[in-house]
Amino acid sequence: MTNDPSFDDPRLARYLLGEAPPDEQASIEQRYCADPDFHAEVQAVERELIDQYIRGELTNTAAFETHFMAAPSRREKVEFARALMRTPVSQPAASASGTRRLWPLAAAATLVLAAGSAWLLTNRPSVEPEQANAGVETPAGGGAVPVKPSIAPPTPAPPRPLDPAPRVVTLMLTPTLVRSSGTTPALVVGDATHVRLQLAIEGDTYSNYRVLIRTAEGVEIWRQEQLKAQAVNGERAIVIDVPAARFSTNDFTVTLSGITSGGGVDELDGYSFRAQTRP
Amino acid sequence: VDGHTSLKKDWVLSQDAFDALLARLDGDRERAAEQYEHIRRGLITFFECRGSPSAEDHADATINRAARRLIEGQEIHVENPASYFYGIARNVLKEWWDVAARQPAQLDDARHVPVAFDPQRRDDELRQRRIHERRLECLEHCLQELTDDHRQLIAGYYQGETSAKIANRKHLAERLSIPLNALRIRALRIRERLEKCVAACLERGGRR
């Protein structure tokens, strides 16, 4: 489910994911119906779950997608969260030179999204706390004021940089059956934030594809759907970005399936590789 | 239990009924209104958690039913009125399940399930993309509507991932001299306000 310590009461996440036993469910419902503070707590946990899902940090995505997202209003909250994570919150409007685009990055993000690297963008760009608040205090009754007085006229705040840049380690894989060398490709994850897998395919006859990654023991660690083939070094390939945290030192298999226009699933190719978390 | 009652809005909440409801919740009308809002929000959460496709409608149906009972002379005998609404909500849910079980599954029901790409849905995808773009614009607009300190709080609260995020929130709570839980609720309230603002903006077709 989730190991985030921000969930003080793990029962709430369990409840929201539809996994609480009936008596626990009823007890939680009765309490939040009567207690506004507890209701706020439930709502806060709900937003945390949504954020974790979008960031790929939630392990129990099946419960989230089948139960949690069943309510349209929740799907709207998920879409809102996606937007929130893609829209960096900047300095006050006055510094934005009259433009509603807070960062030029937002436009760039849209372009990158179109290129198919959506996952990376769902990770909210962040700055270190000290950096975010540097030189700014927030008095209880008003807006931000500089800590150190300055005689210079206020200048528009420069766009905050995306930090830290995602560190991506890339591995090109060919289907196990056509691999000529007979050796298993290896990947050192190291301090990468994401692993990019490029799965070579022969032909591109499906409108979209699905990728499943499992450990050698058969435990699914990643699933991605509605993927499109793209050109990589002149060849067709399916490219996915997976959070590096999903990998432990182990052997992994990748199953590529093509989705027919009728919704059928054709298993196409298998790939394998070995991951090492440390060099 | 008036099990035959339709979930549709076939009974409209009149002003008299609403007044009677508020009076039952609290003698002070302002406090009653607050309590009403809380009960409604709790009911929406309840129906969302139980998989209702229309949590707000079901919450309103629950409130309407309670108000109708009151105006028809029934009394709320429980100590906490929220429990009374919760009881009605369970009935409303059960009725909805019964009705849903009798209806054949609609193809549309599977629309949100991430399944195979269908070329015929291309238009739908384009429409969704346009909505997404509009949502981003609305969000930017709504962020500008926040006060500076709220904007800074929300920026600080959602920084980082996993352990960095947690450390950052602790730091933020310390800086604001409030407990972590109070920070969480404060961030939630700002986020809820943004959610409402974005929803309203989208309803206006992205016009601000």
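Numbers restart at 1 for each chain; the letters A, B, ... are given by sequence-line order, proteins then strands. Treat the numbers as computed from the prediction; the structure is a model and nothing was measured.
Chain A forms more heavy-atom pairs under 4.5 Å with one residue of B:Glu192, B:Arg189, B:Glu56, B:Glu195 than with any other, namely B:Glu195. The choice from B:Ser52, B:Ala199, B:Pro53, B:Ala89 that makes the most heavy-atom pairs within less than 4.5 Å of chain A is B:Pro53.
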>> If you apply the rule side chain to side chain contact (heavy atoms under 4.5 Å, CB included), what do you find for B:Lys165 with A:Glu48, and how did you get there?
In response: CA-CA 12 Å; B:Lys165 178 185 71 185; A:Glu48 289 290 342; 3.7 Å; yes
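Of the atoms belonging to A:Val265, not a single heavy atom falls under 4.5 Å from chain B. Residue A:Tyr206: no heavy atom, backbone or side chain, is found under 4.5 Å from chain B. Proximity to chain A (any heavy atom under 4.5 Å) is shown, for B:Leu153, by neither the backbone nor the side chain.
Contact residues of residues 32-50 of chain B toward chain A are B:His38, B:Arg41, B:Gly42, B:Thr45, B:Phe46, B:Glu48, B:Cys49, B:Arg50 (heavy-atom distance under 4.5 Å).
Atom-to-atom distance recorded for A:Asp51:CG and B:Arg191:CZ is 4.0 Å, nearest 0.5 angstrom. Note that CZ of A:Phe80 is 12.0 Å distant from NZ of B:Lys196, once rounded to the nearest 0.5 Å.
The two residues B:Ile185 and A:Ala40 come nearest to each other via the heavy atoms CD1-CB, 3.7 Å.
Residues that satisfy the salt bridge (Lys or Arg N to Asp or Glu O under 4.0 Å) test with B:Arg90, not counting sequence neighbours, are absent from this structure.
In this structure, A:Arg47 and B:Arg184 have side chains that are not in contact, with every pair of non-hydrogen atoms separated by 4.5 Å or more. Side-chain atoms of B:Arg135 and A:Glu76, non-hydrogen and from C-beta on, do get closer than 4.5 Å to each other.
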